[in-house]
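Throughout, a chain's letter reflects where its sequence line sits, starting with A, and its residues are numbered from 1. Any value given below was found using the heavy atoms of this structure, including those in side chains, with hydrogens, waters and symmetry copies removed. Model, not experiment: these values are computed from the prediction.
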Amino acid sequence: MNLDDLTRTSGEWLRGTGSESDIVMCSRIRLARNLATYPFTNRASRGDKAEIEREVRTAIARVDPQLHYLDVHVLNPLDRQFLVERQLISRELMTAEGPRGVAIGPEENVSIMVNEEDHLRLQVMHSGLSLHEVWERINQLDDALEESLDFAFHSQLGYLTACPTNVGTGIRVGVMLHLPALVQSREIEKVFRALHKINLAVRGLYGEGTQAFGDFYQISNQQTLGKSEAETIRTINDIIPQVIEYERRARKELLENRRQNLHDQVSRAYGVLKTAHQISSEETMHLLSSVRMGINLGLIDDLEIPTVNELFIHTQPAHLQKIQGRHLEVDDRNVARAQYLRSRLANGRHQAN
Amino acid sequence: MREKCQRCSKPATYHITDIERGKVSEYHFCDEHVRQHLAQPAGEASSAEAEPGGALKAPFKAKEPTRAERQSCPYCQITFLEFRNSGRLGCPHDYDVFRDELLPLIENIHDETRHVGKVPRRAPQSSLRHSELIELRKRLKQAIEVEDYETAAQLRDQIKSLETPTER
Ligand SMILES: [Zn+2]
Ligand SMILES: [Zn+2]
């Protein structure tokens, strides 16, 4: 796999298809697994890690030859950051040391990190609200890997993990939502509070400072012990439609009571993105969020959601530098980002007509 | 539970147990500060950026390590104190080695102490074998200590037979 080729594509999960995809960006599930006969990664020697990697790589190749393994240990820092921006590896794997890597499936739906906090971190992502498909896929993958790997499992405590917060199922079920109207109406805090009461976590996608990444929030479970995978998925699946409903109501209210303001805000955001000559990552996320909502509310009609989704990722620092093919400092990045946005948005349908 | 926000003096309305970066971290925030906390990247808790004087370290404040905290795992040598400080265990055996210390912590995090859900097809047997091995090794050590070599020899045979991988 050539990482440079990836700059011209994007993961399936950004495609903006599937159920409720105006608000739900993607669904994802991860499973934490460890080999029974080695120390956990943080306590494993270099030699241990090399052996773990070899065993897991062999198993992965046997399970699915389409899974492409990248040796993260030998990748340069820019490529590692690039993988983080694409949600294929964690920051932890990026900054870790020693033998480690990630196996990536076609369309970037599947990633298996090796020697992260746990020996294996399986992740399956899918656009839209699609937890059942995601679970089916990851469960099969886990079964297939288990045929040749001996996972640490305890009759009372379930799958054993480096951190007791993941012990049991080792599952994290998350749905990424775009909630700009709830952020604007400041009602989002009420939603957070309700979610925390039932022990669910809310996090930004990634991004800097206090502004969550383009108003994207991931809602996920925290409990992994004493609750089956199916039950955990059900809890999330039951709560997501309610959050979607709140967001829709907030959008409707904005349209009914502040249509003029909203239309102005959305159009200005689009205008700046199409014309700016230097723009920060933060401002880009903020404006793209308005534009994304604008498209969904019918206030912009010459731009597609998948394009906007992709721009959220492709305007990140490592992506920009790979697209440009050279190292860029912050100021140069801001210029390159504006240039890239202008070129991408000029190619929209409005040009073709 | 802490009553005040850990970043200001307002009452805390959010109580979050964070589950990332290996740290068992509890956060307590007011309405305003929870937004800052939640705006952080997905999959990354703020343990590293915790405010000075925050509640993070408080439960583990420097005091003489107890005997239980100094005991170490015979397989990976981690001590319970080291686990407390790093939030990560050293190897799968630690769940048995530190069982008494870990179970209350696990119950505190998950409100449960028993796994429900997926079981690997081969696992019940092998996990049984693993915990049995731990037990046998402990008894072997004790037997050698009291110079009961007959028992020790028997135990050694049992261990050897368990260590040979079973048919798959
Ligand atoms: Zn506060
Ligand atoms: Zn150990």
Under 3.5 Å, is there a donor-acceptor pair between the [X] and [Y] side chains?
X        : Y        : value
A/Ser289 : A/Asp215 : yes
A/Ser280 : A/Glu283 : no
B/Lys118 : A/Asn139 : yes
A/Glu51  : A/Tyr38  : yes
A/Ser90  : A/Glu92  : no

Could you measure the distance from the CD1 atom of A/Ile138 to the CG atom of A/Leu31? Nearest 0.5 Å is fine.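 Nearest 0.5 Å value for the CD1-CG distance: 4.0 Å.
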
Working to the nearest 0.5 Å, report the span between CG of A/Asp150 and OG1 of A/Thr37.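 Those atoms lie 6.5 Å apart.
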
Parallel, tilted or perpendicular: which fits the ring planes of A/Phe40 and A/His119, with parallel below 30° and perpendicular above 60°?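 It falls in the tilted class, 30° to 60°.
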
Residue [X] versus chain B: region with a heavy atom under 4.5 Å:
X        : value
A/Thr224 : both
A/Thr161 : both
A/Ile171 : neither
A/Asn42  : side chain

Based on non-hydrogen pairs under 4.5 Å, which of A/Leu160, A/Asp142, A/Leu35 is most in contact with chain B?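 When all of A/Leu160, A/Asp142, A/Leu35 are compared, A/Leu160 has the most.
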
Quick check on the interface: out of A/Thr232, A/Asn34, A/Leu225, A/Asp143, who has the most heavy-atom pairs with chain B under 4.5 Å?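 The answer is A/Leu225.
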
Toward chain A, the part of B/Glu107 with a non-hydrogen atom under 4.5 Å: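 Nothing of B/Glu107, per the 4.5 Å heavy-atom cut-off to chain A.
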
Non-hydrogen atoms of chain A under 4.5 Å away: do they reach the side chain of B/Ile78, the backbone, both or neither?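 The answer is both parts of B/Ile78.
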
Using a heavy-atom cutoff of under 4.5 Å, enumerate the residues of residues 145-154 of chain B that contact chain A, numbered in order, or state 'none'.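 Contacts with chain A: none.
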
Applying side chain to side chain contact (heavy atoms under 4.5 Å, CB included) to A/His286 and A/Glu282, what does each step give before you reach the verdict? CA-CA 6 Å; A/His286 184 66; A/Glu282 203 176 344; over 6 Å; no

Between A/Glu136 and A/Gln140, does a side-chain hydrogen bond (donor to acceptor under 3.5 Å, both in side chains) hold up when you go through it step by step? CA-CA 6 Å; A/Glu136 237 162 69; A/Gln140 275 171 13; 5.3 Å; no

